[in-house]
Amino acid sequence: MNLARLVFCLSFCSATAMVHAATPAVSPPLIPLPAQISYADGAFDVDAKTPIVVVDRDASTRKTADYLAGIVARTRGLHLRVEEHPASPKAIVLQRDPQATMANREGYVLDVTPQGIRISARDDAGLFYGAMTLAQLLTPDDKHGPVHVVAMHINDQPRFVWRGLMLDSARHMQSIAEIETLLDQMAQHKLNTFHWHLTDDQGWRIEIKRYPELTHTGAWRKPVDAGRDGQPLRYGGFYTQEQIRQLVAYAAARYITVVPEIDMPGHAQAAVASYPFLGVTGKRPPVSEDWGVHPYLYNVDDATFTFMDNVLDEVMALFPSHYIHVGGDEAVKDQWKASPAVQAKMHALGLKDEDALQGWFISRLGRYLSAHGRRLIGWDEILGGAVPDDAAVMSWRGIQGAIDAARQGHDVVLSPSPDLYFDQLQSDRADEIAGRIPVRSLASVYAFEPVPKALNVSQATHVLGAQANVWTEHMPTIAHVEHAMFPRLDALSEVDWSPAAARDWHGFVARLPAQFARYREQQIGYADSAFAPDITVDRTIALTTGAAQLTLTNQAGDDTLHYTLDGSVPTVASPLYSTPLAVKLPLTVRAAAFSSSGMLLASPRQRLLDRTSLLSVSGNAMPNCPGSDFRLRVQPMPDAVSLAPVYSINVFDSCQFYPSTPMDGITRIHVDAVRLPRNYQLAHDAKLVVSRPHSTPFGELVVHQDRCDGDVLVTLPLPDPSRSARRFPLDAALPVSHGSHALCLIYTAPIEGDLYALDRVTLLTGNATGDTR
Ligand code: ACM
């Protein structure tokens, strides 16, 4: 059969076969789900002899074929040859078809028939996405070798044009090779926009040739406790223009646009540290070692705009992206309010306030970008002033910014906090890594709808798509980033690509085991938090009776948990959990999650259930006191590279509850306490930090019974920070008590000093010094 005949047959055969379409028992594990799939009788077997045929000898098609072959080799161990002249008619054919009537340049058609597989698309991007779908069809499970692909017809195209992921490389930096790994995953998930946050108070990361101090000074910060306790003397780095060009090309080869962000007029401290003339006060601040909202703004004089224009010239030369992101978020205006020069300029311009001045600032940049054929995008604060007509808005303070912007006729990208902030924890499990609270689970990301209900049909056309943001204050390494990103990126990809009506949580969960296997083969450190077993009992019943109802749950909620009660490692052959189990203490429970076909979903977790361990509660499991729900899980030091330990803090008030516990026989309390740097700038919220009276120099941990204004059971003075380790024990006898009581634990350390957290709180019986716990 000649090639033309082969190609004809592939499409013709598939078209006729579809008449007998029948849905297979197990649908192929594709993420994101294609717009349309129909099934036919028969199948095609792909093995090492199946060639990938590039019909047009076109360079882009060839690159796509090579990329497909590379992924399949890595994840399936199947080495497919790319050919222009197939030796065998049974082939995978990639063909661009300029006549194809796809509505969308990213659309494609994929046919599997007993004769072979054919992907066709009008445009290169569509062909690439068809190839990414095929890469998943060829990796349907955790096995290596030949693949049996059922006959099907896929007609696919994305729901949104902006399918985004933002990475913050300013707070913590990733290597180019690490970012390339993320771009590969974006491509495999059909995401097409990489928003790169390159400048912030804590570091300027992009080389600007005309302003070398930006990276000589602005790229480096002095870590908290630099040079002490093993802390490095400096943290930082930057991307050279050559590296950036390499990354932009790497992304473009994967049909990903890199949108750079140069944040202004706030988040400017590293720039002002490099060139104080850019600031308002004329003083040189340090590059910040703190997180939070900082006071440093750019000033508004002509020299600063010359700087901006020159920086944007170099940025535009590096990034071909149509959009350039100029930030605009969290610019507290105190410095502008206090500056006579800024006030004079504001009045001379006839502007009513500092928000209007920010609007003028941003529109000036917008005009500069428009004059160079580019378009401005900014965080939703840019709506506070005279935003340029053609500016696009990124809604992060919830979705109201998107609603307002779309009603005003601006294009919008939905990246609301906390729903699409991947620095939110994805579970509240004790073994979760650092991040912000509240939790945003895999299921909640999956449920996110990018088009706000408040928009009418014509306003909704302004929604470009959705984007997840990965802020890295609490993610010093790529291992942290990968844990936060995957598999929530799978959920995002389906939100952005698949038709809204196709959203189906249980179907998605059923497609994840294959995706996890792909991650393992590509050494991606994904999180298994959605499937990880929570092993719980009613503490009060267990402590009073020595017996309990044991419950196993996970977020996914499907029947996936297998367990053992004898300390052995659970396998898929271990009992499947279905209803609570009556158990007698002590025992060790181990549980793991497996798919119905036996693929691993969550590695084994274990819990020892005995009196001692039930009386010992991690600070991460102890809720905040009422009145202040702010909460972060942080590392021992801001740049610590390990995933654990992590500690829960409330920068406004260090007060937590130990759960209600039968107190008969309890004689002592042991606290593993932790001192943490207070490296948080809170801007106008600083006044909300609760200061408590203390009677010893470094403050105390005060333990109240039942309520935070209840009886004081014990007061434990804190040691001198300059003479004690960051993690230290506190021990005290407790007064005799009966019945069940909760404890409220409050740190009274001075708020000008360090923060304190509870690593673990343990109640003890007996009268020895720790051995009867
Ligand atoms: C932001 O999270 N400040 C955009």
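Numbering of ligands and ligand atoms starts at 1, following listing order.
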Would you check whether Tyr421 has a nitrogen or oxygen atom less than 3.5 angstrom from a nitrogen or oxygen atom of ligand 1? yes

Taking both backbone and side-chain atoms of Trp396, is any N or O found less than 3.5 Å from an N or O belonging to ligand 1? no

Working to the nearest 0.5 angstrom, can you tell me the gap between Glu482 CD and Gln174 CD? 10.5 Å

Decide if the gap between the ring center of Trp162 and the ring center of His462 is smaller than 6.0 angstrom. no

Contacts of Ser498 meeting side-chain hydrogen bond (donor to acceptor under 3.5 Å, both in side chains) (sequence neighbours excluded), chain-then-number -> none

Check each atom of ligand 1 against the heavy atoms of Trp471 and keep those under 4.0 Å away; list them by number with element. 1 (C), 2 (O), 4 (C)

Backbone or side-chain N or O of Trp379 under 3.5 Å from ligand 1 N or O: no

Across all chains, not counting sequence neighbours, the side-chain hydrogen bond (donor to acceptor under 3.5 Å, both in side chains) partners of Arg375 are Tyr323, Asp411

What is the closest protein heavy atom to atom 3 (N) of ligand 1, and at what distance does it sit? Asp329 OD2, 2.7 Å

Do Asp423 and His474 have side-chain N/O donor and acceptor atoms under 3.5 Å apart? no

